[in-house]
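What follows is a single structure, written as structure tokens, with notes after it.
Source: prediction; values computed, not measured. Computation of the quantities below employed the complete heavy-atom set of this structure, encompassing side-chain atoms and omitting hydrogens, waters and symmetry-equivalent molecules.
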Amino acid sequence: MKATRKLSIGKISVVPAYKVVSTAIERQIMQGIIKVGDVLPSETALAEQLGVNRSTVREGIRLLEQNGLVRRRGGKKLFASLPHYHETAAHVSRAMVLHEVTFQELWETIMALEPVAAEMAAERATAEEITALEDNLERTRYSLANSESLTELDIEFHYLIAKASHNRALLLAREPVSHLFYPAFYNVMSRLNAGERLFVAHDKILEGIRNHDPKMAKSWMEKHIVDFRRGYELANLDIHAQVDPSCLSSAAD
């Protein structure tokens, strides 16, 4: 007599109802059925339309708010929105930490993106964007002895250049890397007296952008990023070390 074989089918995975609600609304936003700026129905109306209770809708909406796809206007009305760069960056930054990305890898990525951003900015920057960079440089001049202010101004300078590239894909791509890369900049500036070198590099990059000289802007940005690596090593910091998770809290501040 043959022994009866015991079969193991496994458990059925059930998606929580609030995630189904979130996915349904997200799909309509991504497909353009609900457009950015459109006011969404009330939680009560959505609950009736989707056949769920109001608390389920509320949880689904909270998930969409966390992803920046939905916001509240006046504290009550819901409307579809564009996710801010820092919101999308935060998710990728966390993934990089979990994947144990090193500063060497971040530096290689910044080295690929920042010179291209400077090159594009030299070709496309508006007068208003150049003025914003000039204002940043002037504030940098008076902050050379303040490592914390200098770090904030450097982050702003690079963001303004990326913005002046008028390439949204580039801006989105560099943001999560910069969230992790630039907090380390403070460690370098607080250990080395490198403010003057930074100021000269920023001045030359801005000159290239102001004169619409892509080659100059790109070349000086490359020198600037290479110089950061030298400073990192001179400060006795291990560029091959994994990114410190505390960088995430620094980026969120």
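Annotation: side chain to side chain donor-acceptor pair (under 3.5 Å) contacts of Glu156 (sequence neighbours excluded): Asn136, Arg139. When the side chain to side chain contact (heavy atoms under 4.5 Å, CB included) test is applied to Asp238, the partners found at least two apart in sequence or on another chain are His240, Ala241. Shown here are the side chain to side chain donor-acceptor pair (under 3.5 Å) partners of Thr56, two or more places apart in sequence or in another chain: Asn53. When the salt bridge (Lys or Arg N to Asp or Glu O under 4.0 Å) test is applied to Arg141, the partners found at least two apart in sequence or on another chain are Glu138. By the side chain to side chain contact (heavy atoms under 4.5 Å, CB included) test, Ser219 pairs with Lys223, sequence neighbours left out. Legend: residues meeting salt bridge (Lys or Arg N to Asp or Glu O under 4.0 Å) with Glu233, ordered by chain and number and at least two apart, are Arg229.
Counting only heavy atoms from C-beta outward, the side chains of Val200 and Arg197 never approach each other to under 4.5 Å. For the pair Phe103/Leu180, no side-chain contact is recorded, criterion being any heavy-atom separation below 4.5 Å from C-beta on. The side-chain heavy atoms of Leu106 and Thr102, taken from C-beta on, include no pair separated by under 4.5 Å.
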Per-pair distances, 0.1 Å, donor-acceptor, side chain in residues 15-27, under 3.5 Å, sequence neighbours excluded:
{"from": "Thr23", "atom 1": "OG1", "to": "Lys19", "atom 2": "O", "distance (Å)": "2.8"}

Residues 118-126, side-chain donor-acceptor partners within the protein, below 3.5 Å, at least two apart:
{"from": "Arg124", "atom 1": "NH1", "to": "Ser165", "atom 2": "O", "distance (Å)": "2.9"}
{"from": "Thr126", "atom 1": "OG1", "to": "Glu129", "atom 2": "N", "distance (Å)": "3.2"}
{"from": "Thr126", "atom 1": "OG1", "to": "Glu129", "atom 2": "OE1", "distance (Å)": "3.3"}

Only distances under 3.5 Å count here; give the side-chain donor-acceptor pairs of residues 34-48 to other protein atoms, sequence neighbours excluded, each with its distance to 0.1 Å.
{"from": "Lys35", "atom 1": "NZ", "to": "Gly32", "atom 2": "O", "distance (Å)": "3.2"}
{"from": "Asp38", "atom 1": "OD2", "to": "Lys35", "atom 2": "N", "distance (Å)": "2.9"}
{"from": "Ser42", "atom 1": "OG", "to": "Ala45", "atom 2": "N", "distance (Å)": "3.1"}
{"from": "Glu43", "atom 1": "OE1", "to": "Arg54", "atom 2": "NE", "distance (Å)": "3.3"}
{"from": "Glu43", "atom 1": "OE1", "to": "Arg58", "atom 2": "NE", "distance (Å)": "3.4"}
{"from": "Glu43", "atom 1": "OE2", "to": "Arg72", "atom 2": "NH2", "distance (Å)": "3.0"}

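When all heavy atoms of Leu144 and Gly195 are compared, the closest pair comes out as CD2-O, 3.5 Å. The two residues Leu150 and Ser143 come nearest to each other via the heavy atoms CD1-O, 3.7 Å. The heavy-atom pair separating Ile29 from Leu69 by the smallest distance is CD1-O, 3.9 Å. Taking each heavy atom of Tyr159 and Leu171 in turn, the nearest pair found is CE1-CD1, 4.0 Å.
For the atom pair OG1 (Thr140) and CG (Leu133), the distance works out to 10.0 Å, reported to the nearest 0.5 Å.
Here side-chain hydrogen bond (donor to acceptor under 3.5 Å, both in side chains) pairs that include residues 108-117, with residues two or more places apart or in two chains, are Gln104-Glu108, Glu114-His158, Glu114-Arg174. Counting only residues at least two apart or on different chains, the side-chain hydrogen bond (donor to acceptor under 3.5 Å, both in side chains) pairs with a member in residues 202-213 are Glu134-Arg210, Asp154-His202, His202-His224.
Grouped by direct or indirect side-chain proximity (heavy atoms under 4.5 Å, Ile/Leu/Val/Met/Phe/Trp/Tyr only), Leu153 sits alone.
Phe157 and Ile155 fall within a single hydrophobic cluster, where Ile, Leu, Val, Met, Phe, Trp and Tyr are joined by side-chain heavy atoms under 4.5 Å apart, directly or via other members. Linking Ile, Leu, Val, Met, Phe, Trp and Tyr residues whenever their side-chain heavy atoms come within less than 4.5 Å places Val97 and Val101 in a single cluster. Hydrophobic clustering, with ILVMFWY side chains joined whenever heavy atoms are under 4.5 angstrom apart, keeps Leu170 apart from Leu82. A single hydrophobic cluster is seen to contain both Tyr232 and Met96, as judged by linkage of ILVMFWY side chains at heavy-atom distances under 4.5 Å, directly or through other members. Cluster annotation: Met216 and Leu160 are assigned to the same hydrophobic cluster (Ile/Leu/Val/Met/Phe/Trp/Tyr, side-chain heavy-atom contacts under 4.5 Å, transitive).
Each of Leu206, Ile205, Ile225 was compared with Trp220 under the side-chain contact (heavy atoms from CB on, under 4.5 Å) criterion, and only Ile205 meets it.
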